[in-house]
K.L.:
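Below is the structure I would like to discuss, written out as structure tokens.
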Amino acid sequence: QVQLVESGGGSLQAGGSLRLSCTAPTLTLNNYVMCWFLQSPGKVREFLSRIIEWGRNIDYSDSVNGRFSISRDNEKNAVSLQMNPLKPEETAVYYCAAGGWGLRPYSYKYWGQGTQVTVSS
């Protein structure tokens, strides 16, 4: 069952920016800890960013800290990830997840199918 839907991926040159969005047809996302993860081909899914239910505590991986920004839009029942600037090594499928707490994928209950981001050098 697909409970989250990612959008906003695409192809761009290194140094460009994208904003990803995560929405949910049946979940109220403000009730959940939300995370974004990145998965490159042949690699494990990696933590990018987390925002807790009440939205005050935000975490980023060291690799994206200062470049990526996570936020909530509760009126739209959405969580976004602003990425600026992007690097070629960040070509990957980006996933949002809900219903966990930690920084590992296995702690999250709800997932989307991912959105592809391709960054050219």
Side-chain angles (χ1 to χ4, degrees):
Q1 181 182 359
V2 177
Q3 293 151 307
L4 305 174
V5 181
E6 303 95 340
S7 63
S11 299
L12 72 166
Q13 293 288 326
S17 64
L18 283 175
R19 178 176 288 172
L20 307 182
S21 181
C22 180
T23 58
T26 59
L27 303 176
T28 300
L29 296 187
N30 191 48
N31 294 333
Y32 297 94
V33 173
M34 297 292 300
C35 269
W36 286 95
F37 295 89
L38 172 155
Q39 188 164 19
S40 300
K43 297 183 180 294
V44 299
R45 197 165 296 183
E46 299 180 355
F47 167 77
L48 290 175
S49 185
R50 177 182 65 180
I51 184 167
I52 61 173
E53 295 99 317
W54 43 95
R56 290 192 178 272
N57 284 355
I58 293 173
D59 299 286
Y60 299 99
S61 69
D62 290 341
S63 64
V64 306
N65 191 35
R67 296 188 296 115
F68 289 14
S69 179
I70 190 171
S71 62
R72 294 185 183 272
D73 186 339
N74 292 329
E75 291 186 358
K76 296 181 179 179
N77 193 35
V79 175
S80 67
L81 185 70
Q82 178 70 40
M83 307 183 293
N84 181 28
L86 280 157
K87 300 177 179 180
E89 57 265 36
E90 290 162 345
T91 292
V93 177
Y94 288 70
Y95 296 89
C96 64
W101 179 252
L103 307 183
R104 296 294 187 183
Y106 59 75
S107 71
Y108 287 84
K109 183 182 299 182
Y110 305 113
W111 290 87
Q113 292 182 318
T115 185
Q116 176 70 46
V117 173
T118 302
V119 186
S120 301
S121 61

K.L.:
Take S40 and L38 through the test side-chain contact (heavy atoms from CB on, under 4.5 Å) and record every step on the way to the result.
P.N.:
CA-CA 7 Å; S40 300; L38 172 155; 3.6 Å; yes

K.L.:
Any donor-acceptor pair under 3.5 Å linking the side chain of R67 with the backbone of P85?
P.N.:
yes

K.L.:
Please confirm whether the backbone N or O of L27 pairs with a side-chain atom of N77, one donor and one acceptor, at under 3.5 Å?
P.N.:
yes

K.L.:
I'd like to know if the side chain of R72 reaches the main chain of A78, judged simply by a donor and an acceptor atom lying under 3.5 Å from each other, with no hydrogens or angles considered.
P.N.:
no

K.L.:
Determine, step by step, whether C96 and C35 satisfy the disulfide bond (SG atoms under 2.5 Å apart) criterion, reporting the C-alpha distance in whole Å, the side-chain angles of both residues, the deciding distance to 0.1 Å, and the verdict.
P.N.:
CA-CA 6 Å; C96 64; C35 269; over 6 Å; no

K.L.:
Which heavy-atom pair separates P25 from V5 by the least distance, and what is that distance?
P.N.:
CD-CG2, 4.4 Å

K.L.:
Taking E6 as the fixed residue, which of W111, Y95, Y94 is the one that meets the side chain to side chain contact (heavy atoms under 4.5 Å, CB included) rule?
P.N.:
Y95

K.L.:
What pair of heavy atoms forms the shortest contact from V117 to G9, and how long is it?
P.N.:
CG2-CA, 4.1 Å

K.L.:
Between R50 and L103, does a side-chain contact (heavy atoms from CB on, under 4.5 Å) hold up when you go through it step by step?
P.N.:
CA-CA 8 Å; R50 177 182 65 180; L103 307 183; 3.7 Å; yes

K.L.:
Between V64 and E90, which heavy-atom pair has the shortest distance, and what is it?
P.N.:
CG1-OE2, 4.0 Å

K.L.:
Nearest 0.5 Å, please: how far is CG in D59 from CD1 in I70?
P.N.:
9.0 Å

K.L.:
So that I know where these two stand, are Y110 and Y32 an aromatic pair - ring centroids less than 6.0 Å apart?
P.N.:
yes

K.L.:
Which distance, rounded to the nearest 0.5 Å, do you find between the CH2 of W36 and the OG of S61?
P.N.:
14.0 Å

K.L.:
List the atom of L86, the atom of V119, and the distance in Å for their closest heavy-atom pair.
P.N.:
CB-CG2, 3.9 Å

K.L.:
Please report the shortest heavy-atom distance between S121 and Q13, naming the atom on each side.
P.N.:
C-OE1, 4.1 Å

K.L.:
Drop me the distance from Y60's OH to S49's OG, to the nearest 0.5 angstrom.
P.N.:
4.5 Å

K.L.:
When you compare the side chain of E53 with that of N30, does any pair of heavy atoms fall below 4.5 Å?
P.N.:
no

K.L.:
Roughly how far, to the nearest 0.5 Å, is CG of L81 from CZ of F37?
P.N.:
12.0 Å

K.L.:
Rounded to the nearest 0.5 Å, how far does CZ of F68 lie from CD1 of I58?
P.N.:
14.5 Å

K.L.:
Taking atom types as modelled, find out whether T118 and T91 have a side-chain donor-acceptor pair closer than 3.5 angstrom.
P.N.:
no

K.L.:
Would you check, one step at a time, whether the test side-chain contact (heavy atoms from CB on, under 4.5 Å) holds for Y108 with V33?
P.N.:
CA-CA 9 Å; Y108 287 84; V33 173; 3.6 Å; yes

K.L.:
A quick test of your reading: do over 12 heavy atoms of other residues, nucleotides or ligands sit less than 6.0 Å from CD of Q113?
P.N.:
no

K.L.:
Can you measure from CG (L20) to CE (M83) and round to the nearest 0.5 angstrom?
P.N.:
3.5 Å

K.L.:
For the pair R104 and E46, find out whether any cationic side-chain nitrogen is under 4.0 Å from an anionic carboxylate oxygen.
P.N.:
no

K.L.:
Using every non-hydrogen atom in the two residues, find where L4 and A98 come nearest and quote the distance to one decimal.
P.N.:
CD1-N, 3.7 Å

K.L.:
Decide yes or no on side-chain contact (heavy atoms from CB on, under 4.5 Å) for V93 and T115, but give the supporting numbers first.
P.N.:
CA-CA 5 Å; V93 177; T115 185; over 6 Å; no

